[in-house]
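Take a look at the following structure, please.
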Amino acid sequence: MTTQTEARAKHKYTAKLAGDIETRWQAWWDEQGTFVTPNPGDAGFDSSKPKFYCLDMFPYPSGAGLHVGHPEGYTASDIISRHKRMTGHNVLHPMGWDAFGLPAEQYAVQTGVHPAETTKKSIDNFRRQLKRFGFSYDWSRELGTIDEDFYRWTQWIFLRIYDSWFDPEADSGHGKGRPIAELIEQFMTNARPIRVNPDAAEHDNDTKARSWDTWDSMTTDEQRLVVDSYRLAYLGEQTVNWCPKLGTALANEEVIDGRSERGSFEVYRKPLRQWMFRITAYADRLLAGLADVDWPESTRIQQTEWIGRSEGAEVDFALADPPAGADEALRVYTTRPDTIFGATYMVVAPEHPLVGAVLLDPPAGTDAGTVRTYAEEARNRSDVERQESKEKTGVPLGIDVVNPATGERIPVWVADYVLMGYGTGAIMAVPSGDERDFEFAKAFNLPIVDVVYPTTVMAIAYAAEHAREDEPGGWQTLMADFVGHVTSESVPPEKFEAALGVVRTRRKTADDAPNMRGGVQAEWLLTIADMGEPDLASIRARFAGKRHWDASGAAFTGAGRAVNSANDEVSLNGLSVPEAKATIIEWMESKGIGNGKVNYRLRDWLFSRQRYWGEPFPIVFDENGHHHPVRAESLPVALPPMADYQPIESQDPQPLLAKATDWLHTTAGEAGVDSLPADAKVTRETNTMPGWAGSCWYQLRYCDPKNESRFVGLDAERYWMGAEAKNPGVDLYIGGAEHAVLHLLYARFWHKVLYDLGAVSTPEPFARLFHQGLITSFAFQRKDKTLVPVDEVENKGTEEAPEWVETATGERVGQITAKMSKSLKNVVNPDDVIEQYGADTFRLYEMYMGPLEASKPWNTKDTIGLFRFCQKLWRLCVDEETGAPRFADEADATTEKKLHRMIDKVGRDIDRLAFNTAIAAMIEFVNAADRLTRDQMDRFARTLSPFVPHIAEELWAKLDKTEPMGSVALQPWPEVDHEMLVDDEIEIPVQILGKVRSKIVVPAGADQKSMEEAALADPRIVELLEGRTVRKVIVVPGRMVNIVAN
RNA sequence: GGGCCUGUGGCGGAAUCGGCAGACGCGGCGGACUUAAAAUCCGCUUCCCGGGAACGGGAGUGAGGGUUCAAGUCCCUCCGGGCCCACCA
């Protein structure tokens, strides 16, 4: 190496220099408190600026450290935050740790180290890694869900929910949460009938039927029963998802295909007394709120489907000969009460009480042994087994009910395709109108009665009947008219258009047939098309016996008209599905056998976990087993130190905290319980809260993380959450789509309860939500679709035409993209990339990979391009030999123009979260610029600052700006002179018949006429138009000219 | 099975409102520097045909059809890939 290159290397942008610059400025930011954000009322708070709350989903600090997926969203939010600061906003951009939860505990169990210790280590590592990226978090607001002064308030919010009920009439019928005290007041003044909450799933019908005349006449236990049945947090005996391997029950949301989301262990159904949240009371509110937030459509759809609102009816079917102890009637829920005339049998879930009653007192026709065996087997099957096969199984119960619409006796079956957890656990089966019922009826030879005909069938029938013999083709018009007339409600008209089009053209080729879609309708019309040149007579003949939809092939669930649906009192025949529903519900209600009912797929939220590493409940039990809240002043109920946190792997749920006997047994006075005498012996709740608890409200605590008297200060909350804003809530929330239903639904629920109680000022927590795409990696796949680790594959082809071969076998493998995983050896560690190129290059690369929302493959080869960009921009601004800034003496007009354009483009791209194209614009500028003036470099450094904050800060210092003005991150975004964005002359493509044939240069403001003249005068165009007639010239000013000529 | 997203050079991607397809980066090719290599810098790089070159012609955004002066972009059908949900009556 020569002396000259050594000298040059000294101030060249190398990985080492990048590292030096980056760590130096990171330390300086910390020291200066550059990104510490004052709250309203604090020194330095500027109330004239608008606020912007930019939130990342906080990470779960795992032992493995940051994944490359973390910095993707975090860099995006950092760019936004930095840009917002520079455009005059007060920016709240915090970070913290979602640190309670199963993985830390499992890891601790494996290694024998206490979860508090491993979690602290993981947090320290995560913090170090995040700081190394130069993210502009206000670290003074850092919080962790495991901190006592955080979970103290998690417990406090739990108690607020515990102390609330949902009043469906409040808020002019929308319903809202209210304090329990107000419910008791209503009972005491008899403003509300005193009875057990009819919507409380945890109580049986007998309990729900009880009522009392006055509050004072009730015993304490009765009062407790009634009040507890209304609480939004309640203890309920529930069939839960019990996972023996994890030693805990899981929420529905944490069970995937019958296995635990975490660890993929089998999950069983088990009755257990658990803390539940009455989230179902908020189902409609949670649905309605989705209309007010700026969220990805797909996420709103997922939440809507998870809530799963359906409108239908509950109907009672009287038992023909009720067994002793059974109810007189079997109550079902159906979304299709209009099909009741087609109900030919009934099905109850294996757990349904009627099964038990039948077994206790088997009627004459019952094969009790078969029923018992089936019910027990079905109950004991794990969810995995239950979902493995969708083959319909079931046995008859040997009893009948009477179909109230037809008056006919129909049999009751027990089958596991009916679930106890939804509706009433019993259904009326309509094989002609429901695919599952149809399969079951086919399997067990049960009768099928058509009750709805597809609209097209009706159309054909109608046309065949009314068309006139002397009017060839008239049936088609009639049919089309009919179709157009009756399908307004749900069948998309274009489907009919497509199908009718085929009929009209008599189907050009036979190949069209398999391509036709649109269901039944198209098929029937194709049948007609198949007839060649149909005349009315042949259509009549063809459909004479087929004027009904033939249900022997499949159930029909689409839009249609009711048939075969009449009795002496009511007829649905000819009505559309919605009309028929309304009519039959009215009839049922008048007869007292049923009523309209809304149902939800959403279940109440199971909130207890039998684990150690979570927030303890602020609840104790007295000697009678009644629960009592711990008063707010005595919070937190701290997690007791334990040496033995080994789970009790068992089929019988055992909370771990039961082992902490000293902590477990205490007195009401010690525990801080007001509702009992101080010396009363109490036992603490031994379950803990699930990992979701802290993330349900952390966005609020960030607003005021040090507050000791309230979970968040009123002013801080109102300001940062935007109480008065048009679109209130966190301004931008960036995180993964995997939280679309879990965290994002739970957090909305907590927030809405707090809002109803007046504790927070906005109805929704997150005004705008954005999901960053998954960062995948290249991997290799054999022909049989099995995957091969990347280090077991080599390229036998060229770079240009790669030919990937598995080294061990020589087998050709295909390159695909897949999730990063240890087994595929395609995981990228962010630390390594920073080591090689620095954090600025890493940030640029992840933002440059593609659109933020898209899933994109990591390709380490590509990172060099962004490093080269850093080198180039460094060289543009800095003399590599001396390290001094290098300036142009005077501004070059072209460079100045390009700078303005680049700044404009970057600013607009940041606003639309298109960082990839913003970076491309900066690269283009650097490639084109030769040398900048001091003033140009000043503006350039500001523009760079959100993307490569360290280089920008270093340039800012080299410009001698740091001392007088402070960090570049706190400077205003450079102004764009809009005059600079327009050219005097522009080049316009001239097309002939849509193909570019020439280009002309016209003044920027040229009007249509002059552009047309210039285009037609262009020599090349003149030449090409020779001998042709110009029919039309389309001119789009400022864009293009298209000449239509032949 | 249902829902949502998606398909553009060898690769990642750009084209923001229907108006010049392939910006920018990687890779590749050629050149400079170097004893040499790496690094760095400069040029070319959608494919096909013609030409020494400048350039000219044609094709082209998964496939087929449609609307339009004009389609990657809008409509219909089909095919492939990804994610989510999945016996919820």
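These numbers were taken from a predicted model, which means no experiment stands behind them. Letters A, B, ... mirror the listed sequences (proteins, then strands); counts begin at 1. Below, all heavy atoms of this structure are taken into account, side chains as well, without hydrogens, waters or symmetry copies.
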Exercise. What nucleotide, of G3(B), G25(B), A89(B), holds the atom closest to the side chain of Tyr422(A)?
Worked result: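 Closest of the options to the side chain of Tyr422(A): A89(B).
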Exercise. In whole angstrom, what separates Asn599(A)'s CG from C87(B)'s C1'?
Worked result: 16 Å
Problem set entry | Base versus backbone protein contacts along nucleotides 67-72 of chain B [heavy-atom cut-off under 4.0 Å; B, S, -] | --BS--
Exercise. Can you list the stems that include RNA chain B, where a stem is three or more consecutive Watson-Crick or G-U pairs with distances under 3.5 Å?
Worked result: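 The stems that RNA chain B takes part in, listed by first number, are B:1-7 with B:79-85, B:10-12 with B:24-26, B:27-32 with B:40-45, B:46-50 with B:55-59, B:62-66 with B:74-78.
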For this session: Answer with base, sugar-phosphate or nothing: what part of the nucleic acid does Pro296(A) contact at a heavy-atom distance below 4.0 Å?
Result: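 It contacts nothing in the nucleic acid.
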Exercise. For atom P, what is the distance between C48(B) and G9(B), given to the nearest Å?
Worked result: 15 Å
For this session: Could you please name the option among G19(B), G12(B), A86(B) that lies closest to any side-chain atom of Val1036(A)?
Result: G19(B)
For this session: Answer yes or no: is there an ion pair linking Glu297(A) with Arg300(A), defined by an N-O contact shorter than 4.0 Å?
Result: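 Looking at Arg300(A) together with Glu297(A), the answer is yes, because their closest N to O distance falls below 4.0 Å.
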Exercise. Can you pull the salt bridge (charged side-chain N to carboxylate O under 4.0 Å, His left out) pairs that have at least one residue in residues 1028-1037 of chain A, sequence neighbours excluded?
Worked result: none
For this session: Let me know the distance between CG of Asp416(A) and P of A89(B), rounded to the nearest Å.
Result: 17 Å
Exercise. What integer number of Å spans the P atoms of A36(B) and G50(B)?
Worked result: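 Looking at atom P only, A36(B) and G50(B) are 38 Å apart.
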Problem set entry | For Pro296(A), side-chain contact (heavy atoms from CB on, under 4.5 Å) partners two or more places apart | Ser298(A), Thr299(A), Leu769(A), His771(A)
Problem set entry | Same-atom distance (C1') from G80(B) to G31(B), integer angstrom | 43 Å
Exercise. For G56(B), does the glycosidic angle fall within 90° of 0 (syn) or outside that (anti)?
Worked result: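 G56(B): anti glycosidic orientation.
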Return a table of donor-acceptor pairs under 3.5 angstrom between the side chains of residues 773-780 of chain A and protein atoms on other chains or two or more places apart.
unit_1, atom_1, unit_2, atom_2, d
Thr776(A), OG1, Lys856(A), O, 3.2
Ser777(A), OG, Asn826(A), O, 3.1

For this session: Report the residues that fulfil side-chain contact (heavy atoms from CB on, under 4.5 Å) with Ala920(A), sequence neighbours left out, ordered by chain and then residue number.
Result: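 Only Tyr848(A) meet the side-chain contact (heavy atoms from CB on, under 4.5 Å) criterion with Ala920(A).
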Seminar exercise, completed: Leu852(A) CG to G12(B) C1', in whole Å, measures 16 Å
Exercise. Is Asp983(A) paired with Arg901(A) through a side-chain N to carboxylate O contact shorter than 4.0 Å?
Worked result: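 Looking at Asp983(A) together with Arg901(A), the answer is yes, because their closest N to O distance falls below 4.0 Å.
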Problem set entry | Check: Ser998(A)/Asp1018(A) side-chain N/O donor and acceptor closer than 3.5 Å |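 Note: Ser998(A) and Asp1018(A) side chains meet the donor-acceptor criterion.
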For this session: Round to the nearest Å and state the distance from Arg601(A) atom CZ to G3(B) atom C1'.
Result: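 To the nearest whole Å, that distance equals 12 Å.
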For this session: Determine the Euclidean distance between corresponding P atoms of C24(B) and C78(B); express it in Å to zero decimal places.
Result: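 Those two atoms are separated by 39 Å.
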Problem set entry | Residue whose nearest RNA chain B nucleotide is more 5′ - Glu987(A) or Asn859(A) |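 Comparing both residues, the 5'-ward one is Asn859(A).
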Exercise. In whole angstroms, how far is the P atom of A23(B) from the CZ atom of Arg901(A)?
Worked result: 19 Å
For this session: Decide ring-ring contact (aromatic ring centres under 6.0 Å, His included) for Tyr837(A) and Tyr845(A); before the verdict, give the C-alpha distance in whole Å, the side-chain angles of both, and the deciding distance to 0.1 Å.
Result: CA-CA 10 Å; Tyr837(A) 295 116; Tyr845(A) 173 62; 9.4 Å; no
Exercise. When rounded to the nearest Å, what value does the distance between C1' atoms of G30(B) and U35(B) take?
Worked result: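 It works out to 22 Å between them.
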Exercise. Which label fits C17(B), syn or anti, where anti is any glycosidic angle not within 90° of 0?
Worked result: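 C17(B): syn.
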Exercise. Say you pick atom C1' in C47(B) and the same atom in G28(B); how far apart are they, in whole Å?
Worked result: 16 Å
List every contact pair, protein side and nucleotides 39-41 of chain B side both N or O, where the distance is under 3.5 Å.
unit_1, atom_1, unit_2, atom_2, d
C41(B), OP1, Arg875(A), NH2, 2.9

For this session: Take the protein atom CD of Glu853(A) and the nucleotide atom P of G13(B), then report the distance between them rounded to whole Å.
Result: 11 Å
For this session: Rounded to the nearest angstrom, tell me the gap between atom CD1 in Ile775(A) and atom C1' in G13(B).
Result: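 Whole-Å distance recorded here is 14 Å.
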Exercise. Taking the P atom of each, how far is G56(B) from G7(B), in whole Å?
Worked result: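 About 32 Å, rounded to a whole number of Å.
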Exercise. Hey, does Asn927(A) reach any base, or is it just sugar-phosphate, or nothing, if we go heavy atoms under 4.0 Å?
Worked result: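 If one applies the 4.0 Å heavy-atom cut-off, Asn927(A) turns out to touch the sugar-phosphate alone, with no base involved.
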Exercise. Considering residues at least two apart in sequence or located in another chain, which fulfil the side-chain contact (heavy atoms from CB on, under 4.5 Å) criterion with Gln1008(A)?
Worked result: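 With neighbours one apart ignored, the set is Val1035(A), Pro1037(A).
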Exercise. Does atom CD of Glu738(A) have more than 12 heavy-atom neighbours from other groups under 6.0 Å away?
Worked result: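 Yes, because the 6.0 Å sphere around CD of Glu738(A) holds more than 12 heavy atoms from other groups.
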Exercise. Relative to the ring of Trp413(A), is the ring of Phe440(A) parallel (under 30°), tilted (30 to 60°) or perpendicular (over 60°)?
Worked result: perpendicular
Problem set entry | Touch class at under 4.0 angstrom, heavy-atom based, for Thr863(A) against every strand present |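 Thr863(A): no heavy atom of the nucleic acid under 4.0 Å.
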Exercise. Nearest to the side chain of Asp862(A), which nucleotide is it out of C4(B), G13(B), C26(B)?
Worked result: C26(B)
Problem set entry | Value in whole Å for how far the P atom of A89(B) lies from CH2 of Trp413(A) | 23 Å
For this session: From the options A89(B), A14(B), C11(B), select the nucleotide whose nearest atom is closest to the side chain of Thr917(A).
Result: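 Between A89(B), A14(B), C11(B), the one nearest the side chain of Thr917(A) would be A14(B).
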For this session: Using a 4.0 Å heavy-atom cut-off across all strands, classify Asn916(A) as base, sugar-phosphate, or nothing.
Result: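 Since only primed, P, OP1 and OP2 atoms lie under 4.0 Å of Asn916(A), the category is sugar-phosphate.
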For this session: Inspect the contact between Arg331(A) and Glu314(A) and indicate whether a charged nitrogen and a carboxylate oxygen are less than 4.0 angstrom apart.
Result: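 Between Arg331(A) and Glu314(A) there is a salt bridge, with a charged N closer than 4.0 Å to a carboxylate O.
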For this session: Ignoring the backbone of Ile301(A), work out which of C4(B), G13(B), A89(B) is nearest its side chain.
Result: C4(B)
Exercise. Thr335(A) has a side chain; which of G12(B), A89(B), C87(B) sits nearest to it?
Worked result: A89(B)
Within the sub-3.5 Å range, which N or O atoms of nucleotides 56-60 of chain B have a protein N or O partner, and how far apart are they?
unit_1, atom_1, unit_2, atom_2, d
G57(B), OP1, Arg1020(A), NH2, 2.5
G58(B), OP2, Arg997(A), NH1, 3.2
A59(B), OP2, Lys995(A), NZ, 3.4

For this session: Between G22(B) and A32(B), how far apart are the P atoms? Round to whole Å, please.
Result: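 Rounded to whole Å, the distance is 31 Å.
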Problem set entry | Pair Thr393(A), Tyr417(A): side-chain N/O donor-acceptor within cut-off below 3.5 Å |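 The answer is no; no qualifying pair exists.
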Exercise. On RNA chain B, nearest-nucleotide positions of Tyr848(A) versus Ile988(A): which is more 5'?
Worked result: Ile988(A)
Problem set entry | All side-chain hydrogen bond (donor to acceptor under 3.5 Å, both in side chains) counterparts of Thr304(A), not counting sequence neighbours | none
Exercise. In chain order, what residues pass the side-chain contact (heavy atoms from CB on, under 4.5 Å) check against Leu17(A), with sequence neighbours excluded?
Worked result: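 Leu17(A) satisfies side-chain contact (heavy atoms from CB on, under 4.5 Å) with Tyr13(A), Thr14(A), Ile21(A), Trp874(A) only.
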Exercise. Would you call Arg886(A)-Asp879(A) a salt bridge at under 4.0 Å N-O?
Worked result: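 Salt bridge: no.
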For this session: Could you name each residue pair satisfying salt bridge (charged side-chain N to carboxylate O under 4.0 Å, His left out) that touches residues 1034-1046 of chain A, not counting sequence neighbours?
Result: none
Exercise. Is a donor-acceptor pair below 3.5 Å formed from side chain Lys861(A) to base C11(B), judging by atom type as modelled?
Worked result: no
